[in-house]
Amino acid sequence: MALEEDCQFAIDEFPSNTELAALWAQTWPFPATQDFQISLRACLLHITARLGGKLIGFVKVASDGGMHAFLLDPTVHPDFGRQGLGTELVKRAAALARQRGAQYLHVDFLPHLRGFYAKCGFEPTEAGLLRLA
Ligand SMILES: CC(C)(COP(=O)(O)OP(=O)(O)OC[C@H]1O[C@@H](n2cnc3c(N)ncnc32)[C@H](O)[C@@H]1OP(=O)(O)O)[C@@H](O)C(=O)NCCC(=O)NCCS
């Protein structure tokens, strides 16, 4: 059975900072410095994936309040990687962003994830990033 069929997905759930930081520490190469609750409240949407109650996946979408939305922080615990969960989270986030009024979903990423985002349905574009701090 596919992993996503065993997972429980929740829309706009607010996991604790401790739970999110634990997932982040397992997944990202740098520690979490953000207050997750502030960014969750500011987002257009966020989706969690749990397996047996354990938080194993996460994604959020920011918005300009109009047609543009921006996919942020798709995260899958490495013990559950490469089983389709990241793609499933992104597809659910895209569908919900559309329901909530967005017409374009933007993302930026490092080159090794080009294939991941292509499988999620993103077309390549030119994009830029300006470091502010
Ligand atoms: C990126 C991430 C969310 C992918 O989650 P996932 O559940 O492993 O993704 P999927 O199983 O849906 O992957 C689908 C396809 O995307 C590609 N892919 C996924 N992760 C990849 C990786 N780390 N490197 C290269 N290709 C990758 C593969 O083609 C994969 O298909 P395959 O396993 O049949 O080869 C997960 O690796 C992660 O949390 N990474 C750390 C955080 C991060 O960098 N997030 C993205 C920020 S832009």
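Numbers here simply count residues along the sequence, with the first being 1. Whatever order the structure lists ligands and atoms in, that order sets their numbers, starting from 1.
Summary of contacts: the protein heavy atom closest to atom 39 (O) of ligand 1 is Val76 N, 2.8 Å. Nearest protein heavy-atom neighbour of atom 47 (C) of ligand 1: Trp28 CH2, 3.5 Å. Protein heavy atom at the shortest distance from atom 12 (O) of ligand 1 is Thr87 OG1, 2.4 Å. At the top of the distance list for atom 4 (C) of ligand 1, counting protein heavy atoms only, stands Phe116 CE1, 3.7 Å. Gly86 N, 2.8 Å is the protein heavy atom nearest to atom 7 (O) of ligand 1. If you check which protein heavy atom lies closest to atom 45 (N) of ligand 1, you get Pro74 O, 2.8 Å. With respect to atom 23 (N) of ligand 1, the closest heavy atom belonging to the protein is Leu113 CD2, 3.9 Å.
Looking at Tyr117 against ligand 1, only its side chain comes within 4.0 Å, counting heavy atoms. With a heavy-atom cut-off of 4.0 Å, Gln83 touches ligand 1 through its backbone alone.
Of the options His77, Arg82, Gln26, the smallest heavy-atom separation from atom 30 (C) of ligand 1 is shown by Arg82.
Looking at ligand 1, you'll find an N or O of Gly84 within less than 3.5 Å of one of its N or O atoms.
Within the model, atoms SG of Cys120 and CG of Leu113 stand 9.5 Å from one another, a figure rounded to the nearest 0.5 Å. To the nearest 0.5 Å, atom CG of residue Leu71 and atom CG of residue Leu44 are 11.0 Å apart.
Close approach of ligand 1 to Thr75 (heavy-atom distance below 4.0 Å) involves ligand atoms 39 (O).
At a distance under 4.0 Å, a protein heavy atom can be found next to atom 16 (O) of ligand 1.
No cation-pi contact links Arg50 to Phe9, judged by a cut-off of 6.0 Å to the six-membered ring centre and 45° from its axis.
Between Phe70 and His106, the two ring planes are parallel [angle under 30°; tilted spans 30° to 60°]. Taking the six-membered ring for Trp and thresholds of 30 and 60 degrees, Tyr104 and His68 have nearly parallel ring planes, at less than 30 degrees apart.
Residue Asp108 places a heavy atom less than 4.0 Å from ligand 1.
Salt bridge status for Glu4 with Lys91: absent, with no side-chain N to carboxylate O gap under 4.0 Å.
Side-chain N/O atoms of Thr75 and Trp28 include a donor and acceptor closer than 3.5 Å.
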